[in-house]
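All chains are named by letter (A, B, ...) in the order of the sequence lines, taking the proteins before the strands, and each is independently numbered beginning at 1. As a basis for the values below, the full set of heavy atoms in this structure was taken, side chains included, without hydrogen atoms, waters or symmetry mates. This is a predicted model, so every value here is computed, not measured.
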Amino acid sequence: MEPKFDAGKIESRIYARWETQGHFKAGANAKPDAETFCILIPPPNVTGALHMGHAFNNTIQDILIRWHRMQGDDVLWQPGMDHAGIATQMVVERRLEEQGEPDRRELGREEFLRRVWTWKNQSGGEIIRQLKQLGTSCDWSRSRFTMDKGFHDAVLKVFVELYNQGFIYRGKRLVNWDPHFETAISDLEVEQVEVEGTMWHFRYQLADGARYEHPLAEEAGGQPVGTETRGYLVVATTRPETLLGDTGVAVHPEDPRYQHLIGQSVILPLTRRRIPIVADTHADPTKGTGAVKITPAHDFNDWSVGERCGLPAINIMTGRATLALRNNAEFLEGCDVLPEALNLDGLDRYEARKRIVELAGEGGWLDAAVDDSHTVPHGDRSKVAIEPFLTDQWFVDTRAIVGPALDSVRSGRTRILPEQYEQTYFQWLENIEPWCISRQLWWGHQIPVWYDEDGRQYCATGEAEARALAGNRILVRDQDVLDTWFSSGLWPIGTLGWPDSTPEMERYFPTDVLVTGFDIIFFWVARMMMMQLAIVGEIPFHTVYVHALVRDEHGKKMSKSIGNVVDPLELTERYGADALRFTLTSMAAMGRDLRLAENRVAGSRNFVTKIWNAARFLKINDCQKETMPDPADVTHPINRWIIAHTARTAHATNDSFATYRFNDAANGLYDFFWNRFCDWYIEFSKSLTAEKDSDLAGETRATLLWTLKQSMLLLHPVMPFITEEIWQELQLGTKDLIIADWPDLDPAEYCDPATEAEIDWLVALIGAIRSTRSQLRVPAGSTIGLTALRIDDRGRRILVEHSEQIGRLGRISGWSESRNRPAEAATLMVGDCEFCLELAGVINLDDERARLAGDIAALGRECTEMEARLANPRFVTRAPAEVVEKVREQLRGKQVEIDAKSGALANLKG
RNA sequence: GGGUGAUUAGCUCAGCGGUAGAGCACUUCGUUUACACCGAAGGGGUCGGGAGUUCGAUCCUCUCAUCACCCA
């Protein structure tokens, strides 16, 4: 074996071996009549590059998959990729631009889509190669893409079914419009951004020369200081550019300033349009001037006001958020537009804003401009401000299909872990809004609806079918594509072959666990639930494991613009995939963010090295030539001790995986392997194998090998590469480790409490010797004698049986039993047994006196505290008997120790 | 404005009714049959503040403060 574990070299070799041997295939290693276990990968975007979130997400999935595969379950980890509508179209458009090629519009839809496919086939899916570097054991032979023919067919079929059931409809609605991509987006794709802006106050003339008394500032008592006669109403807005589309002004019905104006009209500046003053509670008397202009076509709140008050909606913008005035019949009707207003035609919305404020200033109707910070919706991809825009779009009537998705989680048929996320899920689904699913893009699933000349809709899975429905009419297909999340919402059934009744659907659906970050509970989890239940009447998965978001070491979200992104592949190159995986696993406590500090990865790499060296030690000692023992036949207490610990660790690891406590599993294995197996057992084994040909040496070598084998099995789901390499190197099994049998070690069978207690006592004795030596600065290389002053039969037996271990690990030359304390000695205790180390000529008696006095003082404090508790009658009567007894026992032990150490101290003083 | 979570050793985090743990960092010693990416021994915390429940609270309840995230 090489002295160092060369992760880079070995990982790629091992991965290739697994793949060529077909170990990732669905059902590999399945026992006859096996249970199935299926995970669907959250499909990464075809444009994606592996980030830490992917690394974490896929490590957890891989652990579950490998663990179940080793248990002999029929395992399927279904991989694939998402076509990622906007993201991909963006990438390809940018490339066209960079290469000086004609843009999308010049190419035309068909040619552009051809270019996207070419890009996808040449450069898409880099992330799959990156996932493989992590060691993910997906069944790559089944990889699916959301634009594959079969998947596409499934998407269209679902659309048609939901359409026919009335759950999908088309309507003219105000939607979130992204002026950069010129498409509608859903509520979820909108981010609220806090912006420092201005609130402008404009004077709208009252119609028919009306006037009113406007109260000036109020006194504390609420009485106006005075009034002012006004022929205008002041409205406040942060969006002057929408002014030309105003169709009303709203005031609060109970606002005494304006109440009497309700029902009158104002004249909209620049257009001389006569618009009514309406009463609506949306107008907040405490904000702005209390009078708010209403632009139903360009604001969600105003849209509702318009509906309530019967105001028309006038669209004054194009899809690129420029003003559309000159040829806009809707706008021009019913008003008398000033020429300077018409000149705004074609201006960008922010230019128009500037000009309108200028015109207001020039025209004398700008009343005030007040600094104001407010939130502005932005597109999550484009990062430009969203424009509420009145267009025809397709919607899913989510309220009609949300019920079963709520019920399934409420009833526990689908579990969400940790439970707190159930609340998040309920909260969103209980208040769900219609889902806008049409996108004005080209890359995606084109909506399967055709229109005839009269605008009648024919929804069908193909043109021929649509024609059959339409008779002889001329049909035109809807140009829009579906939201990417509509197709990802069908990932469960779509990847398993629906609508055909495939063996995969039969076997693996509903799937078992969905592993995902909380940020896509709404985008994806909730929609999969709704859609699977609506289409096949079944939940898509039994358990949703929601994991934390990976942040940088100071808790910031990793982002390219902040520049705090830690590249998982870079860490993998420097420390190895196993080290990264182990780190992420050991930090995967449920329900919290995960801050990744690089030194944790370095620590895990050290663990990898430790494992490698332990295996080398076994190899150097020819352990692999031993036949595996039946643990029941092992006789030496030290060997029985490590077997017991191994069984307990196996049990705990299995429990931890079963309850998704991945960090407990990782940390438990770390502690067992390093602190138990390496630090104690391997050290003990060195004495036991001293006589190479003895039965004891053989048994010990076999136990070493057995323990290493169990360790490799248990660690494999978390650290697949190094464990497989050692497995092969030491020939630990006939099959590859990835498909070896998961340990099933019943603690009742393998554990032996009496023997374990004995070895624990031995460990405590050696620990006490080492500690005393160190505190008294006994030279590390010197060997010294041990005297037992007070000892029981068991202690005596252990001393006899393991004298070599004590000698070797405690640097003890020999031991004797005596009632007389040597003159120059240090005292130590293990339980009730008292020992001293003979240190004539070495010990500084003052050091020992100080040490004993310190110990006695500390013990005294503990005793005082325990005595006080026992003296409290309420404690003695109300606390559980075993707790009281435990304290009594502890107190007794401490008192024995104080007595012994006080005796030793007195002896030294004398 | 509404909601959720957090506040534990210098740093990153576990734990969660019986009086605190890990990794890294730090101190001292050390090359003895794998490993200095190592071994041995240590130091370090009134578990954010205050109040309550309890025989007992880091853990439960209330409250305050600070931070983070989600939704308006």
Side-chain angles (χ1 to χ4, degrees), chain A residues 1 3-5 187-188 190-192 300-301 375 377 418 420-421 423-424 427-428 431 518-519 521-522 548-549 551-557 575-576 579 582-583 586-621 623 661 663-664 666-668 670-671 674-675 678-679 682-683 685-687 689-690 692 704 766-781 783 808-811 862 865-866 868-880 882-884 886-887 890:
Chain A
M1 279 173 87
K4 298 264 182 206
F5 177 72
D187 299 342
L188 286 178
V190 174
E191 291 171 351
Q192 300 296 333
F300 287 103
N301 287 317
T375 57
Q420 69 200 66
Y421 287 110
Q423 279 309 116
T424 312
Q427 208 178 320
W428 191 67
N431 299 294
F518 68 83
D519 49 332
I521 291 180
F522 306 144
L549 223 58
R551 300 173 181 279
D552 77 0
E553 59 188 298
H554 305 296
K556 289 225 168 62
K557 201 167 172 171
Y575 300 104
F582 185 84
T583 306
S586 69
M587 297 181 79
M590 264 200 255
R592 276 189 63 156
D593 287 348
L594 184 158
R595 297 190 195 192
L596 187 70
E598 190 173 320
N599 68 24
R600 287 292 294 254
V601 187
S604 302
R605 185 270 324 269
N606 295 351
F607 183 41
V608 170
T609 309
K610 188 76 183 175
I611 295 170
W612 185 250
N613 282 309
R616 280 179 63 222
F617 175 81
L618 266 68
K619 180 110 182 185
I620 289 165
N621 283 281
C623 292
R661 301 181 65 92
N663 56 324
D664 285 350
N667 294 327
Y670 181 99
D671 181 58
W674 198 317
N675 302 330
C678 291
D679 287 350
I682 287 187
E683 291 310 318
S685 79
K686 289 173 182 173
S687 297
T689 55
K692 281 195 169 32
L704 277 164
I766 294 169
I769 292 170
R770 285 169 165 177
S771 179
T772 308
R773 292 179 60 118
S774 176
Q775 283 173 38
L776 295 175
R777 286 173 292 202
V778 177
T783 54
R808 194 187 140 74
L809 301 179
R811 309 238 98 206
E862 290 178 63
E865 193 271 332
M866 283 189 272
R869 272 207 282 168
L870 288 170
N872 180 353
R874 288 154 63 100
F875 172 67
V876 179
T877 51
R878 298 210 191 178
E882 61 267 28
V883 172
V884 178
K886 201 172 133 198
V887 174
Q890 276 175 353

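- Taking atom P on both B:C70 and B:C26, the two are 37 Å apart, rounded to the nearest angstrom.
- Phosphate proximity of B:U33 to A:Lys692: absent, as no side-chain N or O sits under 4.0 Å from OP1 or OP2.
- When atom types are taken as modelled, the side chain of A:Arg811 and the backbone of A:Gly781 share a donor-acceptor pair closer than 3.5 angstrom.
- Residue order along RNA chain B, read from the 5' end via each residue's closest nucleotide, puts A:Asp664 first among A:Asp664 and A:Ala602.
- What separates CG of A:Asp671 from C1' of B:A14 is a distance of 13 Å, to the nearest Å.
- To the nearest whole angstrom, the two P atoms, one in B:G52 and one in B:G21, are 29 Å apart.
- The residue A:Pro3 sits apart from the nucleic acid: no heavy atom pair falls under 4.0 Å.
- Note on A:Arg773: nothing from the nucleic acid sits closer than 4.0 angstrom, heavy atoms only.
- Proximity note for A:Thr375 (side chain, C-beta onward) versus B:A72, B:C29, B:G18: the nearest is B:A72.
- Counting only Watson-Crick or G-U wobble pairs whose defining distances are both under 3.5 Å, the stems of 3 or more consecutive pairs in RNA chain B are B:1-7 with B:65-71, B:10-13 with B:21-24, B:26-30 with B:38-42, B:48-52 with B:60-64.
- In this structure, A:Met866 places its CE atom 10 Å from P of B:U19, rounding to the nearest Å.
- In this structure, the nucleotide among B:C37, B:A34, B:G18 sitting nearest to the side chain of A:Phe875 is B:G18.
- Atom P of nucleotide B:G3 and atom CD of A:Gln423 are separated by 12 Å, given to the nearest angstrom.
- Summarising the geometry, the separation between CZ on A:Phe300 and C1' on B:A72 is reported as 13 Å, rounded to the nearest angstrom.
- Of the candidate nucleotides B:U32, B:G18, B:A34, B:U32 has the atom lying nearest to any side-chain atom of A:Arg808.
- A distance of 4.0 Å separates CZ of A:Phe617 from OG of A:Ser685, quoted to the nearest 0.5 Å.
- When side chains are defined from C-beta on, A:Phe518 does not count as touching A:Thr424, because their heavy atoms never get closer than 4.5 Å.
- Under the 30°/60° scheme for interplanar angles, the aromatic rings of A:Phe582 and A:Phe607 are found to be tilted.
- B:G44 and B:U32: their C1' atoms are spaced 31 Å apart (whole Å).
- Interface remark: the A:Glu683 side chain does not form any donor-acceptor pair with the B:A40 base, using a distance-only criterion of under 3.5 Å.
- Counting only N and O atoms by type, the side chains of A:Ser771 and A:Gln775 include a donor and acceptor under 3.5 Å apart.
- Taking every side-chain heavy atom of A:Arg605 into account, B:C37 is the closest of B:A14, B:C37, B:C35.
- Of the C1' atoms belonging to B:U46 and B:A20, the separation is 13 Å, rounded to the nearest Å.
- The phosphate of B:G23 has neither OP1 nor OP2 within less than 4.0 Å of any side-chain N or O from A:Trp674.
- A:Asn621 CG to A:Arg616 CZ: the interatomic distance, rounded to the nearest 0.5 Å, is 11.5 Å.
- Both tests hold for A:Arg869 against A:Phe875: distance to the six-membered ring centre under 6.0 Å, angle to the ring axis within 45°.
- Counting any heavy atom pair closer than 4.0 Å across all strands shown, A:Lys619 reaches no nucleic acid atom.
- Using a 4.0 Å heavy-atom distance criterion, A:Ser774 is classed as a sugar-phosphate-only contact.
- The separation between A:Glu598 atom CD and B:C11 atom C1' is 14 Å, rounded to whole Å.
- For A:Glu862 and B:G18, the CD to P distance is 18 Å, given to the nearest whole Å.
- Nucleotide B:A34 holds its P atom 11 Å from the CD1 atom of A:Ile682, rounded to whole Å.
- The closest donor-acceptor contact from the side chain of A:Asn431 to the backbone of A:Gln427 lies under 3.5 Å.
- Taking only side-chain nitrogens and oxygens, A:Asn667 never comes nearer than 4.0 Å to OP1 or OP2 of B:G23.
- Ranking B:U33, B:G18, B:A14 by closeness to the A:Ala690 side chain, first place goes to B:U33.
- Nucleic acid contact for A:Asp679: sugar-phosphate only, since backbone atoms but no base atoms lie under 4.0 Å from a heavy atom of the residue.
- The separation of B:G15 from B:A6, taken at their P atoms, amounts to 10 Å, rounded to a whole angstrom.
- Regarding contacts with the backbone of B:G15, a side-chain N or O of A:Arg661 is found under 4.0 angstrom from either OP1 or OP2.
- Side chain of A:Phe522, nearest nucleotide from B:C38, B:C71, B:G18: B:C71.
- In the set B:G18, B:C38, B:G5, the nucleotide with an atom closest to the side chain of A:Ala879 is B:G18.
- The same atom, P, is picked in B:U31 and in B:A22; the two are 27 Å apart, to the nearest Å.
- Within 4.0 Å of A:Asn599, counting heavy atoms only, lie sugar-phosphate atoms of the nucleic acid but no base atom.
- Along RNA chain B, the nucleotide nearest A:Asn675 and the nucleotide nearest A:Phe607 are compared for position; the residue whose nucleotide lies closer to the 5' end is A:Asn675.
- B:A72 and B:A9 are spaced 36 Å apart, taking the P atom of each and rounding to whole Å.
- Remark: C1' of B:C35 and CE of A:Met1 are 12 Å apart, rounded to the nearest angstrom.
- Remark: A:Ser586 is not in phosphate contact with B:A14, judged by side-chain N or O atoms under 4.0 Å from OP1 or OP2.
- The pair A:Lys886-A:Glu882 fails the salt-bridge criterion, with no side-chain N (NZ, NE, NH1 or NH2) lying under 4.0 Å from an Asp/Glu carboxylate O.
- Here the side chain of A:Arg770 is nearest to one of B:A41, B:A34, B:C35, namely B:A41.
- Residues passing the ring-ring contact (aromatic ring centres under 6.0 Å, His included) test with A:Phe5 are A:Trp612, sequence neighbours excluded.
- Of the candidates B:G42, B:A34, B:C71, B:G42 carries the atom nearest the A:Ser771 side chain, counting heavy atoms from C-beta on.
- Residue-level contact check: A:Tyr670 touches the backbone only, with heavy atoms under 4.0 Å from sugar-phosphate atoms and none from bases.
- Residue-level contact check: A:Gln427 touches the backbone only, with heavy atoms under 4.0 Å from sugar-phosphate atoms and none from bases.
- Taking CG from A:Asn663 and OH from A:Tyr670, the interatomic distance works out to 15.0 Å, rounded to the nearest 0.5 Å.
- The side chain of A:Arg600 has B:U12 as its nearest neighbour among B:A41, B:U12, B:C37.
- Spacing between B:A36 and B:U19 at atom C1', rounded to whole Å, works out to 38 Å.
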